[in-house]
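Each remark here refers to the structure printed beneath this line.
Here is how names work: the chains are called A, B, and so on, in the same order as the sequence lines, proteins then strands, and each is numbered from 1.
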2 protein chains.
Amino acid sequence: MAAVKPGQKPKKDRGATRVQDPDGTRRNILEIASKEFALNGLSGARIDEIAAQTRFSKRMIYYYFGDKEGLYLHALENAYRQVREGEARLDIEGLPPVAALTRLVEFTFDHHHLHEEFIRMVMIENIHHGVYLEQSDVIRELNVTAIDHIARVYARGVEDGKFRPGLDPVELHWQVSALCFFNVSNRATFSKIFGRDIGAPDQLERLKRNTVDMVLRFASKAEVLGE
Amino acid sequence: MAAVKPGQKPKKDRGATRVQDPDGTRRNILEIASKEFALNGLSGARIDEIAAQTRFSKRMIYYYFGDKEGLYLHALENAYRQVREGEARLDIEGLPPVAALTRLVEFTFDHHHLHEEFIRMVMIENIHHGVYLEQSDVIRELNVTAIDHIARVYARGVEDGKFRPGLDPVELHWQVSALCFFNVSNRATFSKIFGRDIGAPDQLERLKRNTVDMVLRFASKAEVLGE
DNA sequence: GACAATGTACTAACTGGTTAGTTTAGTCAA
DNA sequence: TTGACTAAACTAACCAGTTAGTACATTGTC
């Protein structure tokens with residue numbers, strides 16, 4: 001973890017040629033590894049292949065990440081961190097509830113599409129029954145906040161009389177996730193079976209509208225829908 | 001020449017002890033292989049391990065299925081076939097549209113839960129970008145009929161004035177699939193992150209009700225919802 | 001000099017696939 | 001009915017390529 005220990009200075013002063021750069025090395029390895037794991041899975045990814053794409057030797061992978069599973073775990077954490085950091089930038093507090101929920105769903109939809117690598121890592125981790133995610137406190141912490149967003153919007157909506165009471169924010173989040181996750185995760189099989197590319201821009205637009213529609217209709221009071 | 005071809009049944013007259021049983025062998029191998037691939041993925045599964053669990057030697061896997069990928073493809077086809085055969089038994093033609101759609105969603109929800117192995121195979125195949133599914137005409141054929149069911153129910157509902165017009169049956173099928181698939185496929189990560197087991201019976205019941213609710217609210221005319 | 005960072009060259013174990021052979025059971029001529 | 005013959009079904013042992021992981025040497029920096 002700590003490539004630079006407390007006593008030492010991160011040697012970034014002198015403009016001299018920097019050949020040794022632990023942080024850069026780690027980042028470079030992790031970046032390549034993330035790509036390879038997302039593409040081929042844990043058992044499918046090859047350490048030699050990862051090393052070859054790196055600017056460093058295989059030895060450095062073991063030096064910094066211990067073993068293959070350690071590298072995978074870091075790649076998994078990395079994927080979650082990147083995505084959740086992106087999500088944290090979404091600001092919907094100022095919007096009225098219906099608009100806020102709309103925005104939230106649209107954002108989730110787009111975001112998942114932009115981060116296919118993340119989706120694939122989550123799929124892979126589920127294939128492994130989540131045993132690596134389980135080892136990471138980091139990931140759990142990152143995610144719990146995701147619920148807060150939707151919970152607050154929903155609470156405001158109930159107060160407003162726009163949303164029906166009695167729904168569970170976690171379940172709402174769950175439904176939104178399901179709708180947005182699936183069309184990235186299952187794009188290949190679905191497209192091939194039904195002969196239309198789910199990922200094509202026009203399809204995406206339709207799908208997004210439907211998804212927003214579905215969530216809003218689910219959360220809204222019946223009276224409000226007629227408006 | 002060939003007295004008994006692998007796919008055919010040998011003459012079954014004489015009550016003699018049949019030690020050689022090609023069909024049984026194939027079935028035995030395929031059954032074990034399906035389990036192993038669903039559990040560990042294509043690259044994660046081990047031919048030696050599959051063979052060990054079989055009543056036969058490793059050589060027989062190659063004898064009947066050519067290579068690892070051939071075995072995987074057969075396992076994939078097998079998974080789709082089993083599941084679609086189960087679905088075909090669902091009869092909702094006689095029910096009124098709303099009840100029929102309810103039944104269809106409930107069925108899909110339960111069915112996915114009962115066939116986790118199938119869900120995992122689909123996930124794995126998506127990790128592989130569907131390249132194996134692509135090679136199988138069998139699978140495509142099996143699936144297209146799935147649309148017919150929902151298309152007919154929807155059409156009847158529109159006629160009845162219960163469902164709003166303009167929806168695409170494939171998209172409807174898609175939404176239902178998403179909601180029902182996700183809570184099996186992502187059960188591990190979701191449960192671990194949010195600390196509640198999605199697969200627990202009471203959670204399942206709630207989730208199923210919500211899912212049905214969501215689909216019905218999506219398909220129904222606004223006026224109907226108020227009833 | 002000390003220690004962190006990195007490369008080279010290696011190995012032990014694994015793993016998909018094959019070779020070379022045996023057993024089973026159906027066929028058919030005599 | 002028998003025994004030689006054959007194709008199919010099947011096994012044990014092996015092989016060659018791969019792959020995760022290491023020992024050790026070297027270089028850079030404080």
Side-chain angles (χ1 to χ4, degrees), chain A residues 1-30 32-33 36-37 40-75, chain B residues 1-30 32-33 36-37 40-75:
Chain A
M1 212 160 284
V4 175
K5 295 226 178 87
Q8 300 171 327
K9 274 214 178 81
K11 43 273 158 122
K12 48 161 69 168
D13 20 293
R14 320 173 23 111
T17 47
R18 165 138 302 119
V19 186
Q20 291 191 184
D21 175 16
D23 270 6
T25 306
R26 282 180 64 96
R27 248 179 293 121
N28 180 230
I29 291 173
L30 200 52
I32 304 290
E36 285 296 301
F37 281 127
N40 303 309
L42 172 52
S43 49
R46 296 286 166 250
I47 292 283
D48 281 304
E49 178 58 29
I50 292 170
Q53 292 185 47
T54 293
R55 294 195 304 275
F56 305 89
S57 72
K58 182 165 67 154
R59 180 67 186 80
M60 298 320 293
I61 292 173
Y62 289 94
Y63 186 67
Y64 284 117
F65 299 98
D67 58 12
K68 195 185 186 184
E69 297 194 352
L71 182 59
Y72 170 79
L73 184 55
H74 275 85
Chain B
M1 254 340 85
V4 176
K5 292 221 185 97
Q8 299 173 328
K9 280 229 171 70
K11 34 206 68 168
K12 43 164 72 167
D13 22 290
R14 318 175 21 112
T17 47
R18 164 135 301 120
V19 185
Q20 293 191 184
D21 174 17
D23 271 5
T25 306
R26 283 180 66 97
R27 249 180 291 123
N28 180 230
I29 292 173
L30 200 52
I32 304 289
E36 285 295 302
F37 281 128
N40 303 308
L42 172 51
S43 50
R46 297 284 164 251
I47 292 282
D48 281 305
E49 178 59 29
I50 291 170
Q53 291 185 47
T54 292
R55 295 195 305 274
F56 305 89
S57 71
K58 181 165 67 154
R59 185 65 186 81
M60 295 322 290
I61 292 174
Y62 291 93
Y63 187 67
Y64 285 118
F65 299 98
D67 57 13
K68 195 184 187 184
E69 297 194 350
L71 182 59
Y72 170 79
L73 183 55
H74 274 85

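Rounded to an integer number of Å, the gap from OH of Y64(B) to P of dG16(C) is 21 Å. Protein atom CG of L71(A) is 16 Å distant from nucleotide atom P of dT19(D), rounded to whole Å. One can place CZ of R46(B) at 15 Å from P of dT18(D), the figure rounded to the nearest angstrom. The CG-C1' distance, from N40(A) to dT19(D), rounds to 14 Å in whole Å. Here dC15(D) presents its C1' atom at 13 Å from CG of D48(B), a figure rounded to the nearest Å.
Neither OP1 nor OP2 of dA9(D) sits under 4.0 Å from any side-chain N or O of T25(B).
Comparing atom distances between the D67(B) side chain and each of dG17(C), dA5(C), dG7(C) picks out dG17(C) as nearest. Proximity note for Y62(B) (side chain, C-beta onward) versus dG16(C), dG7(C), dC10(D): the nearest is dG16(C). When the nucleotides dT6(C), dA9(D), dG16(C) are ranked by their closest atom to the side chain of F56(A), dT6(C) comes out on top.
With hydrogens and angles ignored, a donor-acceptor pair closer than 3.5 Å exists between the side chain of K58(A) and the base of dA20(D).
Among the atoms of the strands shown, base atoms are found under 4.0 Å from some heavy atom of R59(B). As judged by a 4.0 angstrom heavy-atom cut-off over every strand, A45(B) is placed among residues touching the sugar-phosphate backbone only.
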